[in-house]
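As the structure is a prediction and not an experimental result, all values here were calculated from the model. These numbers come from the heavy atoms of this one structure, side chains and all, not from hydrogens, waters or symmetry mates.
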Amino acid sequence: MNAASPFRRLRLAGAVAGGLLALTGLVLGVWRPWTPAPSTTAVAGQGDDIAVTVDPVPLVLPEHPTVLVFGDSWTYGSAATVPTEGYAYKLAALLDGTTVVNGVRGSGYLKPGLDGPAFGERIAALDPDLRPDLVVLQGSINDRAQGEAGYRDAVTAAWDAMTALYPEAQIVILGPAPHELPVGAATARIDRDLAALAAARGWWYISPVTERWITPQNYLDVIDVDLGRHHPSTEGHRYLAERLASDLRDLSGAPVTEAGSESAPRQ
């Protein structure tokens, strides 16, 4: 067999090199290692299901954000000296913004409230012309007695409605905070369900249960166990506002001041 001529070997080497360059260009066109891609993680779900979680993106708020705080009696401001001393109202000064507060006592994703329906119907009645930069969806321990049947479906429907109504808003889920200690099994189950559903959407989830906002050491400083019927006291609401604002700062890097102070940094 005759050996290939030097010219043919050179032409063949050039063709191979060209093919490798084309393949490299194709690979880099699909995979850009310098561009961060959304991160997903498969975790065990209920039964034999595998739930895929999506890492949330950093929270980005304007200098003076408009925040819709939506929830139950804790958002309403129950047991504060006046409802406007509630955590949802205090949050405005801490974020140097405006809060639009929508709290209904006794309501949850499944349970109608004293002053209005369950979360899904309430979301349908929100002002469509509101343009919140952030939606904080709080609660709720009020669904403890409703059980888990249909709970995740109700949560999913409510969250879908909120995102359809305010598609440009960022959404943070604020889970239930314990009104009594130790944390009850139903409250813990609600906390786990909300955390899993938020993770599947790539939403930030703040868990007062996991973060131990309320402990045996501070319980009576936060919760009014007498006239307040196990709701936060005025000082308790102040504390909750500061904890929430601190968590939001950690998600976005925004500065936070102490409740009632216009400029003092949080210690």
Do you see a donor-acceptor pair shorter than 3.5 Å between the side chains of H64 and T98? no

Note: A198 and I173 closest approach over all heavy atoms is CB-CG1, 4.3 Å

State whether the side chain of R152 and the backbone N or O of A149 hold a donor-acceptor pair below 3.5 Å, judged by distance alone.
no

Task: Side chain proximity check, R144 to I190, heavy atoms < 4.5 angstrom - done: yes

Point to revise | Cluster check I206, V69: I/L/V/M/F/W/Y, side chain < 4.5 angstrom | key: yes

Can you see whether Y109 engages D153 through a side-chain donor-acceptor pair at a distance of less than 3.5 angstrom?
no

pair T215-R212: side-chain heavy atoms closer than 4.5 Å = yes

So, do V225 and Y219 sit near enough that their side-chain heavy atoms are less than 4.5 Å apart?
-> yes

To the nearest 0.5 Å, atom CG of D247 lies from atom CG of L59 at 11.0 Å

Worksheet item: Does D55 use its side chain to pair, donor to acceptor, with the backbone of A199 at less than 3.5 Å?
Response: no

Check this for me, if you would: do D115 and R105 make a salt bridge, where the nitrogen-to-carboxylate-oxygen distance has to be below 4.0 angstrom? yes

Let me see the working for E235 and D221 under side chain to side chain contact (heavy atoms under 4.5 Å, CB included), right down to the final yes or no.
CA-CA 7 Å; E235 285 304 308; D221 295 326; over 6 Å; no

Is the backbone of G106 close enough, under 3.5 Å, to the side chain of K111 for a donor and an acceptor to pair up by distance?
-> yes

What one should report as the nearest heavy-atom pair of P232 and A79 is O-CB, 3.1 Å

Salt-bridge present (R189, D193; N to O < 4.0 Å): yes

Note: Y89 and T75 closest approach over all heavy atoms is CE1-O, 4.4 Å

*Could R238 and Y87 be counted as a cation-pi pair, given that NZ or CZ must be under 6.0 Å from the ring centre and within 45° of the axis?*
no

*Any side-chain donor paired with an acceptor under 3.5 Å for S246 and R249?*
yes

Check: Is there side-chain contact between I171 and V136, with heavy atoms separated by less than 4.5 Å?
Finding: no

L244 versus L174: any side-chain heavy-atom pair under 4.5 Å? yes

dist L137:CG -> L68:CG (nearest 0.5 Å) comes out at 7.5 Å

Exactly one candidate in H237, E85, E242 meets side-chain hydrogen bond (donor to acceptor under 3.5 Å, both in side chains) with K90; the answer is E85

In terms of heavy-atom contacts, A241 and L94 come closest through O-CD1, 3.3 Å

How far apart are the C-alpha atoms of R201 and W159, what are their side-chain angles, what is the distance that settles it, and do they pass the side chain to side chain contact (heavy atoms under 4.5 Å, CB included) test?
CA-CA 10 Å; R201 292 176 180 245; W159 291 2; 3.5 Å; yes

CG (L61) and OG (S252) are apart, to the nearest 0.5 Å, by 5.0 Å

Between W203 and the options V172, T163, L194, L197, the side-chain contact (heavy atoms from CB on, under 4.5 Å) test singles out T163

| said: Under a plain distance cut-off of 3.5 Å, with no hydrogens placed, do T66 and R131 share a side-chain donor-acceptor pair? | reply: no

Answer with yes or no whether the side chains of D72 and Q138 bring together a donor and an acceptor at under 3.5 Å.
yes

Nearest heavy-atom contact between L110 and A154 is CD2-CB, 3.6 Å

Discussion item. Tell me whether S233 contacts the main-chain N or O of G236 through its side chain, where contact means a donor paired with an acceptor under 3.5 Å.
Written reply: yes

N102 and L126: CA distance, side-chain angles, deciding distance, side chain to side chain contact (heavy atoms under 4.5 Å, CB included) verdict
CA-CA 9 Å; N102 190 302; L126 289 172; 3.3 Å; yes

Contact check, side chains of F119 and N142, non-hydrogen atoms, under 4.5 Å
no

The reported gap from OH in Y239 to CD1 in I223 (rounded to nearest 0.5 angstrom) is 10.0 Å

Between D224 and H230, is the side chain to side chain contact (heavy atoms under 4.5 Å, CB included) condition met? List the steps. CA-CA 5 Å; D224 184 342; H230 294 86; over 6 Å; no

Nearest heavy-atom contact between S140 and S107 is OG-O, 3.1 Å

Output for pair (L134 CG, L95 CG), nearest 0.5 Å, gives 8.0 Å

Distance col, row Q217:CD vs L181:CG, nearest 0.5 angstrom, shows 9.5 Å

| task | State, yes or no, whether a side-chain contact exists between Q146 and Y151 at a heavy-atom distance under 4.5 Å. | result | no

For the side chain of W204 and the backbone of L248, is there at least one donor-acceptor N/O pair under 3.5 Å apart? no

Would you mind reporting whether V209 and P178 have side-chain heavy atoms less than 4.5 Å apart? yes

